[in-house]
There are 2 protein chains.
Amino acid sequence: MPWPESRKQETRRKILKSAVTLFAKRGFNSVSLGDVMKDAKLTHGAFYAHFNSKQELYKEAVYAATEDSPLAEILRKSEGALSVDKIVSTYLSQDHVDQKFSPCPLAAFATDTPNQNGETKDAYTHVFQGMIDILESKTDGSITDRQSALSLAALLIGGVVVSRALNDQETIDELLAACISKAPQLLRQ
Amino acid sequence: MPWPESRKQETRRKILKSAVTLFAKRGFNSVSLGDVMKDAKLTHGAFYAHFNSKQELYKEAVYAATEDSPLAEILRKSEGALSVDKIVSTYLSQDHVDQKFSPCPLAAFATDTPNQNGETKDAYTHVFQGMIDILESKTDGSITDRQSALSLAALLIGGVVVSRALNDQETIDELLAACISKAPQLLRQ
DNA sequence: GTCTATAGGATGATAGAC
DNA sequence: GTCTATCATCCTATAGAC
């Protein structure tokens with residue numbers, strides 16, 4: 001039975017939720033703290049009662065996004081081993097590209113992270129290693145070695161990141177279908 | 001025999017070269033026009049004699065980067081069919097991740113493009129389709145269908161984009177090696 | 001803890017001399 | 001076409017009332 005969250009933590013969560021959505025859709029530099037706080041129904045002056053800087057917010061947003069990521073959702077709903085097919089088709093879906101549900105931070109934040117400070121890159125690295133661990137050890141028997149997990153992650157993230165940059169629906173459809181169709185071939189030893 | 005370039009076009013090329021390097025390394029929003037013009041050894045007031053806006057500069061930079069991309073370089077140096085192995089190992093090299101040579105815009109600009117205007121996304125889309133066409137029709141016999149070309153592109157771009165966001169050299173090494181090792185499996189029909 | 005107000009700095013874009 | 005100077009705006013971060 002969860003204890004009632006303190007009001008401060010509740011507000012912090014609201015800010016983080018807004019930050020995840022906005023950073024994922026428009027990128028770090030295109031989103032101002034005013035935008036985030038407005039989305040969270042607060043004024044921008046209140047921000048610094050919860051975070052020390054915009055950079056720190058971004059780092060925390062990476063972790064927050066991880067908890068709601070598609071992979072975490074699938075993990076939560078599954079009993080026993082995860083289906084790799086389910087992961088692949090969810091990850092490479094048009095809804096994920098369009099961010100109709102809470103997106104994977106590894107794809108959404110791959111964009112900004114290279115330009116962030118060390119702590120933020122550490123956060124990204126940590127989340128990536130977590131994804132590899134899950135693919136390697138929590139899935140059904142179809143992933144048998146670490147190289148399969150690593151290359152599958154690159155294919156999934158690459159497919160989504162490129163799709164988001166494309167402006168032609170036919171090409172996006174082709175690309176997503178090709179990645180879904182070819183993904184199983186990466187898993188052979 | 002090429003005609004001597006007019007001075008104006010020479011200056012334009014210098015600006016574009018600086019823009020490609022800086023945008024690729026630090027991203028659209030983290031680079032100011034002052035930064036670009038300073039790198040090109042000009043003052044920022046001169047910018048608007050060559051481009052109408054920063055957005056237009058970015059769009060032109062996507063095309064300019066394509067001409068110096070690793071794939072274009074390999075294409076230029078090759079006689080006859082391109083080696084897919086050579087493309088894969090060049091693309092997924094640490095030097096490409098570190099941008100020691102002129103990077104592929106599909107990886108370097110995947111980061112910013114989703115947040116750009118339609119014309120810029122058109123440019124990215126055009127370059128991507130060009131890459132797929134080259135992989136499909138200009139390489140040795142190892143790529144036999146379009147889905148192979150598309151999924152390989154996603155793996156290459158994903159591998160590089162994620163590597164640039166990571167902060168741990170061991171993980172980067174593992175990831176690049178895994179992608180290189182597994183790439184040929186995507187090409188089987 | 002949240003608000004309003006503002007400091008302090010950077011930026012995209014323009015004007016006008018040369 | 002390139003320069004210097006400047007406008008107008010936006011943004012992160014801080015200060016102080018409540």
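In the text below, chain A, chain B and the rest are named by the order of the sequence lines, each starting its count at 1. Worth knowing before you read on, the calculation uses all heavy atoms, side chains too, and leaves out hydrogens, waters and symmetry mates.
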Starting from [atom2] on [N], measure out to [atom1] on [X] and report it in whole angstrom.
X	N	atom1	atom2	answer
B:Asp35	C:dT11	CG	P	6 Å
B:Phe28	C:dG12	CZ	C1'	10 Å
A:Leu57	D:dC11	CG	C1'	15 Å
A:Lys38	C:dT2	NZ	P	19 Å
A:Phe51	C:dG1	CZ	C1'	14 Å
B:His50	C:dA13	NE2	P	15 Å

Backbone N/O of B:Thr144 and side chain of B:Ser148: donor-acceptor pair under 3.5 Å
no

Answer with yes or no whether the side chains of A:Asp35 and A:Ser32 bring together a donor and an acceptor at under 3.5 Å.
yes

Give a yes-or-no answer on whether the side chains of B:Asn117 and B:Thr120 include a donor-acceptor pair shorter than 3.5 Å.
yes

Using a 6.0 Å cut-off, check whether atom CD of B:Gln169 has over 12 heavy atoms from anything other than its own residue.
yes

Shortest non-hydrogen contact from B:Phe109 to B:Ala61?
CE1-O, 3.9 Å

Is B:Arg76 salt-bridged to B:Glu73, going by a charged N under 4.0 Å from an acidic O?
yes

Under-4.0 Å salt bridge between B:Asp140 and B:Lys86:
no

Compare side-chain N and O positions of A:Thr43 against OP1 and OP2 of C:dT2 and report whether any pair is under 4.0 Å apart.
no

Are B:Phe23 and B:Tyr58, when compared by the centres of their aromatic rings, separated by less than 6.0 Å?
yes

Expected string for nucleotides 13-18 of chain D under the B/S/- scheme (protein heavy atoms, under 4.0 Å, primed atoms plus P, OP1, OP2 as sugar-phosphate) is BB----

Considering every strand and a 4.0 Å limit on heavy-atom distances, what is the contact class for A:Val36: base, sugar-phosphate, or nothing?
nothing

Is there a side-chain contact between B:His96 and B:Thr90 (heavy atoms, below 4.5 Å)?
no

The correct set of residues in residues 7-15 of chain B placing a heavy atom under 4.0 Å from DNA chain D is B:Lys8, B:Thr11

